[in-house]
Amino acid sequence: MRVYLDNSATTEVYPEAAEAAVRLMRECYGNPSSLHGAGLDAERELKSARKTVASLAFGCRDNEVYFTSCGTEGDNTAIFGAWQSHRREGNEIVTTAVEHPAVLEAMRRLEEEGAKVTYVGVDKECRVDPEEVAAAVTDKTILISVMTVNNETGTVMPIRKIADRKGKAILHTDAVQALGKTDLSGLGADLITVSGHKIHAPKGVGAIYVKKGTKLRPYLYGGGQESGFRSGTENTPGIAAFAAAVRKGYEEKDAQHARMRAARERLLAGILDQIPDVKVNSPADGSPSVLNVSFLGTRGEVILHRLEQENIYVSTGSACSAGKKGGSHVLKAMGLTPEEVTGAIRFSFGAFNTPEEMDYVIDKLAEAVGSFRRLGSFR
């Protein structure tokens, strides 16, 4: 049996999405900027995909959606674009201590350019207090960036409450882990970034929602594609696949959510029943796609590789932070002890997971944790 539980890192591609990409590569390979028939065919596909993503993913107008290459590009576009467009109005930015590296590293770069960044903390469930965010906002604040769903714990952030008190500042939310799991329409954010490979589309495609009237300088310059906002020949096969994945996920949303939540609850119940000395780091009301648990007296990385030998794939945190020393910045911000951080495992669920798979995972996980503890190699 093979059980893939690292869907927050990337997902298996839907057959429908793969078929859409292949069709565009084989049958509709023109450049959408070309004036001949092949180009016009590609342009029609591009418009159709934009309409799908706008209506189903964001609930917005077609001309408020721009395609990107990934979530990181989207986050950088939002952050650097807002800074360059509004820095004369102020130099203050508010974010949280638990953002994805695509946001945090961009913030550190802006600090070198004179930005004053406030990093608001979170509680023990990784949730930011909207009152603390509001308190950090001044008349010089030009940007607020708070993720919609935390990628390590699944905590859903109070974006709508933050939007209500953002003042004149632009509100950006990294919704990469929220797309397909949380309703993004009516969030109140001015900028929303998403990525295809988290929702069973191929890697290399994403999108950014830019609320009409939001002043945002382009990040890439060149041929003026995407209405001059994001130059570069559009990845039409990837965009078509992205739209197909959005449509598939939307059509099966209720069933997928129920299956993911059932799998998460079954795994959690089995862990609590069969493995002593654990700490659950994900909130009960978090996204059904993520479960983060610390197995005290173990090392998460060792457990990960032991499970891999049984064809079970999990992670110890964000794939974009893998290999960095010091442990998860998210779990540390939540106040976890070094032992709890070291022993943490993230299980993340997708459209292809089933509750029945979790019985196999629980058995092998209990064996791995028990074996490690008996060896006493951690203490």
Side-chain angles (χ1 to χ4, degrees), residues 5-9 96-101 103-104 119-129 132 147 149-157 177 263-308 312-349 358 361-379:
L5 291 174
D6 196 16
N7 290 279
S8 286
T96 79
V98 295
E99 297 298 309
H100 187 275
V103 169
L104 293 179
Y119 299 89
V120 180
V122 295
D123 63 18
K124 62 182 181 180
E125 292 190 330
C126 194
R127 188 171 287 107
V128 69
D129 185 344
E132 290 188 31
M147 65 190 353
V149 172
N150 186 268
N151 55 303
E152 293 195 30
T153 65
T155 303
V156 180
M157 297 297 192
Q177 297 294 339
R264 183 184 187 275
E265 291 176 355
R266 191 152 167 173
L267 177 58
L268 177 57
I271 289 172
L272 296 176
D273 180 62
Q274 297 191 32
I275 305 175
D277 298 323
V278 300
K279 181 182 184 302
V280 180
N281 303 318
S282 295
D285 62 351
S287 170
S289 60
V290 181
L291 175 63
N292 191 300
V293 180
S294 292
F295 299 90
L296 307 183
T298 73
R299 292 184 64 86
E301 185 176 350
V302 175
I303 301 301
L304 179 155
H305 290 302
R306 177 67 180 271
L307 291 176
E308 182 183 7
I312 300 170
Y313 300 90
V314 299
S315 71
T316 55
S318 170
C320 293
S321 297
K324 293 185 178 180
K325 295 182 179 180
S328 165
H329 70 284
V330 172
L331 300 183
K332 288 180 179 178
M334 292 165 61
L336 270 66
T337 67
E339 181 184 20
E340 291 166 343
V341 172
T342 301
I345 293 286
R346 181 186 69 179
F347 308 90
S348 50
F349 308 88
M358 299 307 112
V361 175
I362 294 163
D363 288 343
K364 297 305 179 182
L365 180 61
E367 289 177 8
V369 172
S371 176
F372 189 98
R373 288 172 173 170
R374 283 192 297 272
L375 290 173
S377 56
F378 182 75
R379 293 172 180 169

Are side-chain N/O atoms of S328 and E152 paired as donor and acceptor at under 3.5 Å?
-> yes
Out of curiosity, H100 NE2 to H329 NE2, how far, rounded to the nearest 0.5 Å?
-> 8.5 Å
Just wondering, do F347 and L268 contact through their side chains at under 4.5 Å, heavy atoms?
-> no
Nearest heavy-atom neighbours spanning S287 and V149 = CB-CG1, 3.9 Å
Steps toward side-chain contact (heavy atoms from CB on, under 4.5 Å) verdict (T342, E301) | CA-CA 8 Å; T342 301; E301 185 176 350; over 6 Å; no
Mark yes or no for whether N150, through its side chain, and V98, through its backbone, hold a donor-acceptor pair below 3.5 Å.
-> yes
Would you check if there is a donor-acceptor pair between the side chains of S294 and N281 at a distance under 3.5 Å?
-> yes
G300 to T316 - nearest heavy-atom pair and separation | C-CG2, 3.6 Å
To the nearest 0.5 Å, atom CD of E265 lies from atom CE of M358 at 12.5 Å
Euclidean distance, D6 CG relative to R346 CZ, rounded to 0.5 Å | 5.5 Å
Rounded to the nearest 0.5 Å, the CG atom of D129 sits from the CE atom of M157 at a distance of 11.0 Å
Checking P283, S315, S282 against N292 for side chain to side chain contact (heavy atoms under 4.5 Å, CB included), the one that qualifies is S282
Exercise: identify the closest heavy-atom pair between T153 and M334 | CG2-SD, 3.7 Å
Can you tell me if E99 and T96 form a side-chain donor-acceptor pair at under 3.5 Å?
-> yes
Side chains of L5 and F349 in contact at under 4.5 Å (non-hydrogen atoms) = yes
Sub-3.5 Å donor-acceptor pair from the side chain of R373 to the main-chain atoms of L296, do we have one?
-> yes
Step-by-step side-chain contact (heavy atoms from CB on, under 4.5 Å) determination, S348 to Q177 = CA-CA 10 Å; S348 50; Q177 297 294 339; over 6 Å; no
4.5 Å side-chain heavy-atom contact, L331 and E340 = no
Evaluate the side-chain proximity of V293 to I345: yes if any heavy-atom separation is below 4.5 Å, no if none is.
-> no
Output for pair (L365 CG, T298 OG1), nearest 0.5 Å, gives 9.0 Å
Please walk me through it: do M147 and V103 pass side-chain contact (heavy atoms from CB on, under 4.5 Å)?
-> CA-CA 9 Å; M147 65 190 353; V103 169; over 6 Å; no
May I have the step-by-step check of side-chain contact (heavy atoms from CB on, under 4.5 Å) for L291 and V280, ending in yes or no?
-> CA-CA 8 Å; L291 175 63; V280 180; 4.2 Å; yes
Residue E125 excluded, over 12 heavy atoms near CD under 6.0 Å = yes
Could you tell me whether the side chain of F295 reaches within less than 4.5 Å of the side chain of I303, counting heavy atoms only?
-> no
Does some side-chain heavy atom of N151 sit less than 4.5 Å from a side-chain heavy atom of V290?
-> no
Correct closest heavy-atom pair for G121 and V128 would be O-CG2, 3.7 Å
Scan for salt bridge (Lys or Arg N to Asp or Glu O under 4.0 Å) pairs involving residues 285-296, sequence neighbours excluded, and state none if there are none.
-> R127-D285
For residues I275 and V369, report the shortest heavy-atom separation together with the two atoms involved.
-> CG2-CG1, 3.9 Å
